[in-house]
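See structure below.
Hydrogens, waters and symmetry mates are skipped; everything else that's a heavy atom, side chains included, is used. Atoms within each ligand, like the ligands themselves, are counted from 1 in listed order. Bear in mind the structure is a predicted one, so any value in this text is a computation, not a measurement.
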Amino acid sequence: MKANIAEKVLADDIEKVLLSSEDIKRRVAELGRQISEDYKDKDVVLVGILRGAFVFLADLIREISIPVETDFIAISSYGSSSTTSGVVRILKDLDEDIEGRDVLIIEDILDTGLTLKYLVKNLSSRRPASLEICSFIVKECKQSVAISLKYLGYTVPNRFVVGYGLDYAQRYRNLPFVGTLKPYVYERDEI
Ligand code: IMP
């Protein structure tokens with residue numbers, strides 16, 4: 001029998017599953033219902049931050065029952081694979097003009113908050129009617145800048161996590177759950 005790749009990675013590299021795919025599905029459905037309620041009669045654009053938020057956004061829009069548009073912004077933050085430096089560069093800008101629109105930023109994870117701080121400042125200058133944030137995960141006790149979230153999926157301990165769109169060195173995004181990596185994964189990459 002062919003081994004499932006997620007099971008193979010789970011067995012090899014995952015230390016602990018923090019959010020199961022069942023938990024995630026339930027929570028994403030709740031968020032979708034809430035957003036549908038809050039944004040009915042609004043002209044909403046969901047702005048996904050690439051690359052990490054693409055999995056969350058793909059699931060979330062299918063739980064939203066009102067008309068929405070989606071757009072993407074791709075950013076790169078300088079730093080190593082597991083830390084953020086706060087210096088952000090736009091690799092791909094939005095395709096659409098957001099002036100006068102109700103913009104909801106869809107982010108995968110809020111760590112120091114520096115990436116979102118930059119994005120909020122940048123997108124605010126384009127004069128949207130409203131600008132709010134929905135982050136799938138927030139790390140406990142880590143934010144170095146205050147970011148106000150309208151929607152939050154989960155709070156997780158201050159550990160580096162992978163899966164459900166989140167990567168380490170561009171891998172593990174395809175895991176259907178969120179977990180921590182065994183230490184040897186980082187040690188292996190240092191060699
Ligand atoms: P911040 O600017 O420190 O809030 O970091 C936000 C970005 O860093 C996220 O959009 C992720 O791309 C990345 N990041 C932060 N923590 C993690 C993590 O635990 N796993 C994977 N990526 C992370």
Side-chain angles (χ1 to χ4, degrees), residues 6 9-10 12-21 23-24 27-28 31 46-60 70-94 103-124 131-190:
V9 172
L10 173 67
D12 290 350
D13 293 349
I14 297 297
E15 183 180 62
K16 190 171 176 207
V17 175
L18 299 180
L19 308 173
S20 72
S21 60
D23 289 341
I24 293 172
R27 187 72 189 115
V28 171
L31 289 170
L46 304 177
V47 169
I49 305 178
L50 296 174
R51 297 177 215 172
F54 80 100
V55 176
F56 176 42
L57 180 56
D59 283 349
L60 185 64
T70 52
D71 204 342
F72 292 93
I73 189 161
I75 54 172
S76 109
S77 69
Y78 297 95
S80 73
S81 306
S82 57
T83 56
T84 317
S85 67
V87 184
V88 176
R89 190 162 55 106
I90 294 182
L91 300 177
K92 179 221 162 284
D93 207 341
L94 298 176
V103 175
L104 182 58
I105 298 174
I106 309 295
E107 174 63 310
D108 52 359
I109 190 164
L110 176 63
D111 186 6
T112 62
L114 292 167
T115 304
L116 277 173
K117 184 180 174 221
Y118 168 86
L119 266 180
V120 166
K121 190 166 171 230
N122 183 297
L123 298 183
S124 300
L131 182 64
E132 301 284 357
I133 302 167
C134 171
S135 186
F136 175 57
I137 290 176
V138 171
K139 280 196 201 174
E140 262 168 11
C141 310
K142 186 72 194 292
Q143 288 74 61
S144 51
V145 290
I147 298 287
S148 143
L149 299 177
K150 189 170 171 82
Y151 306 99
L152 162 63
Y154 289 98
T155 301
V156 301
N158 186 14
R159 296 281 312 276
F160 194 81
V161 291
V162 296
Y164 202 67
L166 294 160
D167 76 304
Y168 171 66
Q170 298 307 328
R171 292 182 62 203
Y172 308 102
R173 292 191 200 273
N174 55 322
L175 291 173
F177 52 82
V178 171
T180 53
L181 288 168
K182 287 180 183 162
Y184 78 76
V185 176
Y186 304 108
E187 287 152 19
R188 185 179 61 194
D189 287 357
E190 277 164 17

I'd like to check whether L110 has a polar contact with ligand 1, where a contact means an N/O of the residue lying under 3.5 Å from an N/O of the ligand. no
Check ligand 1 against [X] and write out every atom of the ligand that is under 4.0 Å from a heavy-atom position of the residue.
| X | result |
| --- | --- |
| D167 | 21 (C) |
| E107 | 10 (O) |
| I109 | 6 (C), 9 (C), 10 (O), 11 (C), 14 (N), 15 (C), 16 (N), 17 (C), 18 (C), 19 (O), 23 (C) |
| V161 | 18 (C), 19 (O), 20 (N), 21 (C) |

Measure across R159 and L181 and return the closest heavy-atom pair with its distance rounded to 0.1 Å. NH2-O, 4.2 Å
What's the shortest heavy-atom distance between E15 and P183, and which atoms? OE2-CD, 3.7 Å
Using the benzene-type ring in the case of Trp, are the ring centres of Y168 and Y186 under 6.0 Å apart? yes
Is the backbone of G165 close enough, under 3.5 Å, to the side chain of R51 for a donor and an acceptor to pair up by distance? no
May I ask which of Y168, Y118, F160, F136 has a heavy atom nearer to atom 18 (C) of ligand 1 than the others do? F160
Over 60° means perpendicular and under 30° means parallel, so classify the ring planes of F136 and F56, tilted if in between. tilted
Could you tell me whether D108 approaches ligand 1 through its side chain, its backbone, both or neither, with non-hydrogen atoms closer than 4.0 Å? side chain
